[in-house]
Amino acid sequence: MERNEVVKEVEERDFETLFELYRDVFNKDLDKKDYKKSFEKIKDRDIYILGYYINDEIVGTVTVYILDIPTGKEAMIWDFLVEERYRRQGIGTKLMKEAEKLVREKMKKGKIWLFSRFSRLPAHELYRKLGYDENRDKAFVKIL
């Protein structure tokens, strides 16, 4: 079945395209073998990678991680991206709304954490438009 103009959970057959997108946008040094191991482990966790497809090809993606912590459940959004040639067409909004729908189904209520690099200003504009509050909590990062 062809996937066209739809948000779906990515499948094993999407691995190569997904890897290339991540490497090009987030991490030029991403190791394919390491990424493949992580990709395969996702099935055993509450991690969902959603893709936006045009003509059966992923052109955007977002990862949702549902955390079950002692104080309840919370969700985290990671690795949100839309290929440059498809930006400003509503694809990012569709991906994020589908991610939020998934979180509501899994958690009913709670908090969604979203992390983004300071340099991704157009993405920040979208997050604000979707109701994400950058002034509510503060995240700290330490590179080891």
Side-chain angles (χ1 to χ4, degrees), residues 3 5-54 56-144:
R3 301 164 293 179
E5 296 190 28
V6 66
V7 177
K8 303 284 276 181
E9 194 166 349
V10 300
E11 300 171 25
E12 188 77 29
R13 65 181 167 149
D14 301 315
F15 171 78
E16 291 292 329
T17 305
L18 198 60
F19 172 76
E20 294 297 328
L21 279 171
Y22 287 163
R23 194 189 69 208
D24 291 347
V25 174
F26 294 122
N27 183 353
K28 304 282 186 222
D29 299 322
L30 187 61
D31 182 79
K32 193 178 231 177
K33 289 179 187 173
D34 289 343
Y35 182 72
K36 182 72 170 173
K37 287 178 194 173
S38 295
F39 185 81
E40 289 169 356
K41 288 180 187 176
I42 285 172
K43 299 171 200 154
D44 301 329
R45 299 186 180 139
D46 269 342
I47 300 174
Y48 307 87
I49 303 175
L50 304 177
Y52 188 90
Y53 294 84
I54 294 180
D56 212 34
E57 181 182 333
I58 295 176
V59 300
T61 184
V62 63
T63 300
V64 180
Y65 189 1
I66 309 293
L67 298 158
D68 198 356
I69 56 178
T71 56
K73 287 190 175 191
E74 294 195 358
M76 296 171 63
I77 300 280
W78 294 97
D79 296 341
F80 168 71
L81 70 93
V82 175
E83 269 190 60
E84 194 166 345
R85 64 188 163 132
Y86 291 103
R87 291 180 188 162
R88 311 227 34 88
Q89 297 178 31
I91 293 170
T93 299
K94 289 175 185 173
L95 279 164
M96 292 297 291
K97 287 191 178 279
E98 196 64 30
E100 291 174 3
K101 179 180 168 189
L102 176 88
V103 169
R104 279 188 200 91
E105 290 170 2
K106 301 291 181 185
M107 296 181 12
K108 306 297 180 230
K109 65 176 189 166
K111 185 187 294 187
I112 299 176
W113 291 84
L114 191 154
F115 297 91
S116 183
R117 291 186 193 138
F118 282 104
S119 61
R120 300 192 69 216
L121 298 178
H124 299 173
E125 182 180 315
L126 173 62
Y127 304 149
R128 285 184 208 102
K129 180 176 130 187
L130 293 171
Y132 288 82
D133 182 354
E134 64 193 300
N135 297 308
R136 180 183 165 114
D137 293 296
K138 186 167 187 77
F140 293 84
V141 177
K142 182 176 184 177
I143 307 294
L144 300 177

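Since this is a predicted model, take the numbers as computed values, not measurements. Because only heavy atoms are used, hydrogens play no part in the values below, and waters and symmetry mates are left out as well, while side chains stay in.
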Donor-acceptor list for residues 111-118 side chains, cut-off 3.5 Å, not counting sequence neighbours:
residue : atom : partner : partner atom : Å
K111    : NZ   : D137    : OD2          : 3.4
W113    : NE1  : E74     : OE1          : 2.4
S116    : OG   : H124    : NE2          : 2.9
R117    : NH2  : F26     : O            : 2.8

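- Using a 4.5 Å cut-off on side-chain heavy atoms (C-beta onward), V64 and W78 make no contact.
- A distance of 8.5 Å separates OH in Y53 from OG1 in T17, rounded to the nearest 0.5 Å.
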Determine all donor-acceptor pairs shorter than 3.5 Å in which one atom belongs to a side chain in residues 85-98; sequence neighbours excluded.
residue : atom : partner : partner atom : Å
R85     : NE   : E83     : OE1          : 2.9
R85     : NH2  : E83     : OE1          : 3.2
R87     : NE   : V82     : O            : 2.7
R87     : NH2  : V82     : O            : 3.0
Q89     : NE2  : R85     : O            : 3.3

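- A salt bridge does not link E16 to K36: none of the charged nitrogens lies less than 4.0 Å from a carboxylate oxygen.
- Counting all heavy atoms, side chain and backbone alike, R3 lies closest to V6 at CB-CG1, 4.0 Å.
- A distance of 8.0 Å separates OG1 in T63 from CD1 in I47, rounded to the nearest 0.5 Å.
- Salt-bridge formation is not detected for the pair D14/K8: no Lys NZ or Arg NE/NH1/NH2 atom is positioned less than 4.0 Å from an Asp or Glu carboxylate oxygen.
- Contact between Y48 and E9 at its shortest, heavy atoms only, is CD2-OE2, 3.6 Å.
- Between F39 and Y35, the two ring planes are tilted [angle within 30° to 60°].
- Listed by chain and number, the residues in a ring pair (Phe, Tyr, Trp, His ring centres under 6.0 Å) with Y127 are F80 (sequence neighbours excluded).
- Other residues, nucleotides and ligands place no more than 12 heavy atoms under 6.0 Å from the CD atom of E84.
- Considering every non-hydrogen atom in both G51 and V10, the closest pair reads N-CG1, 3.8 Å.
- Note that the CG atom of D79 and the CG atom of L21 stand 10.5 Å from one another [nearest 0.5 Å].
- If you take CG on L18 and CD on E12, they are separated by 11.0 Å, rounding to the nearest 0.5 Å.
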Could you walk me through whether L67 and K73 pass the side-chain contact (heavy atoms from CB on, under 4.5 Å) test, one step at a time? CA-CA 5 Å; L67 298 158; K73 287 190 175 191; over 6 Å; no
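- Scanning both residues, K32 and F19, for their nearest heavy atoms gives CA-CE1, 3.4 Å.
- Salt-bridge check for E20 with R23: passed, with a basic side-chain N closer than 4.0 Å to an acidic carboxylate O.
- Atoms CG and NZ, from D68 and K106 in turn, are 12.5 Å apart once rounded to the nearest 0.5 Å.
- Under the 4.5 Å side-chain criterion, counting only non-hydrogen atoms from C-beta, T61 is in contact with Y22.
- Distance check, rounded to the nearest 0.5 Å: CD of E11 to CD1 of I58 gives 9.0 Å.
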